[in-house]
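These notes concern the structure reproduced below.
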Amino acid sequence: MSKTKTAIALPGSPAEIAGAEWKDVEGWYAELAAAPLTPETRDAWLEAWSRLEEVLTEAASRAMIAYTLDTADKAKEAVHLRFSTDIMPKADERSVGLARRLLASGLSRPDLETTLRRFRTASEIFREENVPLFSELEELGSRYQRITGAMT
């Protein structure tokens with residue numbers, strides 16, 4: 001297992017990207033897409049990708065929780081919608097691209113086989129034209145939360 005570190009400067013915590021927009025997040029995905037992916041860098045590359053998605057997903061989850069606790073707060077709704085309708089659908093699209101890159105590299109190890117199978121499936125069923133639909137579904141879900149939140 002390689003211990004080579006990547007030179008990608010990732011956010012250290014979800015709080016650091018709470019105010020992020022897609023243009024901020026996109027740079028990290030672009031760096032991963034351009035970073036060397038070799039047997040020597042594979043583990044560090046996977047670690048960086050995993051860390052990015054961990055921080056991003058947690059920031060989105062925190063925004064969603066803050067909004068669902070107070071659906072009348074327009075600022076919390078705006079943050080939640082920014083993550084759920086703009087950032088996360090695009091991040092999912094870029095993740096499929098990274099998964100395709102990893103699959104095309106042929107780099108594997110026994111403990112990655114289940115993950116690689118999941119990546120193959122996600123890559124096969126992904127359709128770019130669905131990205132705006134997922135954004136719309138998230139927006140409708142937020143509207144539903146606001147309506148039901150106002151009833152309590």
Between [atom1] on residue [X] and [atom2] on residue [Y], distance to nearest 0.5 Å:
X    : Y    : atom1 : atom2 : answer
R62  : T57  : CZ    : OG1   : 12.0 Å
R117 : L103 : CZ    : CG    : 12.0 Å
D86  : W22  : CG    : CH2   : 8.5 Å

What residues, two or more places apart in sequence or in another chain, satisfy side-chain hydrogen bond (donor to acceptor under 3.5 Å, both in side chains) together with D70?
->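 So D70 forms no side-chain hydrogen bond (donor to acceptor under 3.5 Å, both in side chains) with any residue.
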Sequence-distant partners of S13, side-chain hydrogen bond (donor to acceptor under 3.5 Å, both in side chains), two or more places apart = none
Go through the structure and list residues passing side chain to side chain contact (heavy atoms under 4.5 Å, CB included) with [X], not counting sequence neighbours.
X    : result
A33  : R94, L98
R118 : T115
S50  : none
T38  : E40, T41

Shared-cluster residues of I65, by chain and number - hydrophobic side chains joined below 4.5 Å =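 Under the 4.5 Å side-chain rule, I65 groups with M64, L69.
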Do [X] and [Y] come within less than 4.5 Å of each other through their side chains, counting heavy atoms only?
X    : Y   : answer
L112 : L46 : yes
I87  : I17 : no
M88  : L56 : yes
E26  : K90 : no
S84  : L81 : yes

With sequence neighbours left out, which residue pairs that include part of residues 85-107 fulfil the ring pair (Phe, Tyr, Trp, His ring centres under 6.0 Å) condition?
-> none
Does anything in residues 70-91 pair up under ring pair (Phe, Tyr, Trp, His ring centres under 6.0 Å), and if so which pairs, sequence neighbours excluded?
-> Y67-H80
Of all the heavy-atom pairs spanning [X] and [Y], show the shortest one and how long it is.
X   : Y   : answer
A48 : L10 : O-CD1, 3.3 Å
V79 : A18 : CG1-O, 4.1 Å
A20 : R82 : O-NE, 2.6 Å

Modelled atom types, side-chain donor and acceptor of Y29 and E93, under 3.5 Å | no
For side-chain contact (heavy atoms from CB on, under 4.5 Å), just list the numbers for E47 and R51, CA-CA rounded to whole Å, side-chain angles, deciding distance to a tenth of an Å, and then say yes or no.
-> CA-CA 6 Å; E47 185 179 314; R51 178 67 182 152; 5.5 Å; no
With K74 via salt bridge (Lys or Arg N to Asp or Glu O under 4.0 Å) - residues at least two apart | E77
Hits for salt bridge (Lys or Arg N to Asp or Glu O under 4.0 Å) against R120, two or more places apart or cross-chain, chain-then-number order -> none
For W49, enumerate each residue passing the ring-ring contact (aromatic ring centres under 6.0 Å, His included) test, keeping only those at least two apart in sequence or located in another chain.
->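 So W49 forms a ring-ring contact (aromatic ring centres under 6.0 Å, His included) with W45, F119.
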Answer yes or no: is there a donor N or O on one side and an acceptor on the other, between the side chain of R101 and the main chain of V96, under 3.5 Å?
-> no
